[in-house]
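Here is the structure we will look at, set down as structure tokens.
Naming: A, B, ... by sequence-line order, numbering from 1 per chain.
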Amino acid sequence: MLKDKFYDLGPEWRAFDSDQRDKRGRTGAPMTFTIHDKGLSTIIDWRNKDVHGRDISPTNRAQIYRLRKWQRRIRVSDAAERNLAFAMAELDRISSHLSLPRSIREQAAITYRRAVEENLIRGRSIESVTAACLYGACRIRGVPRTLDEVAEHARVDKKEIGRSYRFITKELNLKINPTNPIDYMPRFASELGLSTGVQKRAVEILEAAIKLGLTSGRGPMGVAAAALYISSIEKGERRTQREVSEVAKVTEVTVRNRYKELQEKLGLNVDV
DNA sequence: AAGACGAAAGTGGTTGA
DNA sequence: TCAACAACTTTCGTCTT
């Protein structure tokens with residue numbers, strides 16, 4: 001019954017690439033929901049007096065009671081709806097900034113609705129919960145974005161999103177696997193303009209590394225970056241450590257450490 | 001001149017008493 | 001709640017291409 005009432009609150013333009021998006025993005029949320037009824041609501045007050053201050057007859061009184069009851073109901077469902085609409089708008093806004101596919105956004109919406117149903121929002125900001133749902137949705141769908149990336153476009157800081165995320169996943173029993181470095185591969189490779197051959201090789205390296213347990217306890221992005229770095233050299237499409245570290249959002253030092261490790265333990269000789 | 005290297009000190013988050 | 005800890009970062013001087 002609630003869902004009939006949602007409007008498309010997304011941006012009114014479509015962006016075809018991120019440059020465009022950056023230029024055209026105007027402001028935060030597409031619309032404010034602070035005034036849900038546009039000031040048109042009528043309030044039935046609690047006194048049993050009419051406009052002239054006279055007592056209302058008992059017959060009319062029964063009717064007034066019924067009206068009051070509805071007013072109460074409408075008010076609470078309106079508030080809930082308003083919050084949901086706001087959350088959906090926020091979800092839309094962040095995911096469009098992150099160029100996330102619709103399916104992920106929907107996954108996030110599902111999670112969010114569940115969170116609402118289970119009363120998990122109380123005490124947490126809607127913004128932090130939506131961001132947390134989105135972050136989780138990315139991981140569930142195997143298209144990881146870092147917490148930093150999500151936080152960058154959310155209106156709350158990383159710490160709070162993380163807290164909400166942990167809470168939500170625990171309370172809803174969401175089974176989310178630890179991030180797999182392989183999931184980052186397509187994105188990193190394409191951001192670096194590397195061929196699918198390089199990407200495939202990097203995945204092979206990662207698979208071998210996972211078998212040897214070289215990935216556990218390590219930041220997945222660092223490992224992914226290192227594998228891609230090695231593979232880019234092997235395939236003659238070399239990228240510098242700096243370039244690789246940039247897209248993976250880690251430092252060169254980390255790329256170095258990881259790749260030295262991979263090289264040594266996997267018996268790869270990359271040099272020359 | 002740019003890239004790669006590695007040592008050393010600093011940071012934030014997890015873990016275990 | 002606090003301290004220890006590992007991974008990662010920052011910074012910086014040096015070596016290699």
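- Here B:dA2 presents its C1' atom at 16 Å from CZ of A:R239, a figure rounded to the nearest Å.
- Here A:G222 lies out of heavy-atom contact (under 4.0 Å) with every strand.
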(message) Each nucleotide in nucleotides 5-17 of chain B should get exactly one letter: B, S or -. Can you fill that in based on protein heavy atoms under 4.0 Å?
(response) BB-----------
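- Looking at A:E207 and A:R201, no side-chain N of the basic residue comes within less than 4.0 Å of a carboxylate O on the acidic one, giving no salt bridge.
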(message) Just to be sure I follow the notation: if a pair is Watson-Crick (purine N1 to pyrimidine N3 plus N6-O4 or O6-N4) or a G-U wobble (N1-O2 and O6-N3), each under 3.5 Å, what dot-bracket string does DNA chain C give, with | for pairs to another strand?
(response) |||||.|||||||||||
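- No donor-acceptor contact under 3.5 angstrom links the side chains of A:T130 and A:E127, judged on distance only.
- Using cut-offs of 30° and 60° for the angle between ring planes, the A:H153 and A:H97 rings count as parallel.
- Residue A:T251 is classed as a base contact, given a heavy-atom separation below 4.0 Å to a base.
- Of the side-chain N and O atoms in A:R218, one or more sit less than 4.0 angstrom from OP1 or OP2 of C:dA7.
- Salt-bridge annotation for A:E264 and A:K260: absent, with no side-chain N of the basic residue lying under 4.0 Å from a carboxylate O of the acidic one.
- Counting heavy atoms from C-beta outward, A:R145 and A:E152 have side chains that stay 4.5 Å or more apart.
- Every residue meeting the side chain to side chain contact (heavy atoms under 4.5 Å, CB included) condition with A:E243, not counting sequence neighbours, appears here in chain and number order: A:L192, A:R239, A:T240.
- Under a 4.0 Å N-O distance rule, the pair A:E160/A:R124 does not qualify as a salt bridge.
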(request) Check step by step if side chain to side chain contact (heavy atoms under 4.5 Å, CB included) holds for A:Y165 and A:K170. (result) CA-CA 8 Å; A:Y165 173 73; A:K170 198 177 88 196; over 6 Å; no
